[in-house]
Q: 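Pasting a structure below so you can have a look.
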Amino acid sequence: MDGRWGAKTKAAIDTVQKGAKGNLTWILQSALYLEGFNPGSFDSIFGKGTESALSKIPES
């Protein structure tokens with residue numbers, strides 16, 4: 001680890017995107033809910049509810 005963004009860092013990152021299923025999606029749904037953005041059901045599927053909740057997060 002050198003604290004810099006590079007090819008190795010990019011390759012090591014997991015991406016959660018629409019249609020994804022599994023634990024990372026469930027964690028994302030939980031985090032959204034805890035921050036006040038309702039993703040709908042906690043079904044571990046990145047669908048319309050999760051996408052809608054993400055779209056409501058204000059950009060910094």
Side-chain angles (χ1 to χ4, degrees):
M1 285 190 324
D2 60 8
R4 297 179 190 190
W5 178 261
K8 289 182 181 179
T9 305
K10 186 176 179 181
I13 293 177
D14 286 326
T15 303
V16 180
Q17 53 191 325
K18 193 168 182 179
K21 299 176 183 178
N23 290 339
L24 285 177
T25 304
W26 187 88
I27 291 168
L28 172 61
Q29 291 170 334
S30 300
L32 286 165
Y33 182 81
L34 290 172
E35 291 298 318
F37 303 99
N38 187 351
S41 61
F42 292 84
D43 58 4
S44 301
I45 300 170
F46 192 139
K48 290 180 183 180
T50 304
E51 184 176 32
S52 176
L54 283 171
S55 72
K56 293 176 183 171
I57 297 174
E59 293 187 33
S60 306

Q: Name every donor-acceptor pair, under 3.5 Å, that has one atom in a side chain of residues 26-37 and the other anywhere in the protein, sequence neighbours excluded.
A:
from	atom 1	to	atom 2	distance (Å)
Q29	OE1	D43	N	3.4
Q29	OE1	S44	N	3.1
Q29	NE2	D43	OD1	3.1
Q29	NE2	I45	O	3.1
Q29	NE2	T50	OG1	3.0
S30	OG	W26	O	3.0

Q: Show me the pairs that pass salt bridge (charged side-chain N to carboxylate O under 4.0 Å, His left out) and involve residues 18-30, at least two apart or across chains.
A: K18-E51
Q: For a side-chain contact (heavy atoms from CB on, under 4.5 Å) check, start with the C-alpha distance between F42 and T25, then their side-chain angles and the critical distance, and finish with the verdict.
A: CA-CA 9 Å; F42 292 84; T25 304; over 6 Å; no
Q: Find out whether K48 and S52 are in side-chain contact, i.e. whether some heavy atom of one side chain is under 4.5 Å from a heavy atom of the other.
A: no
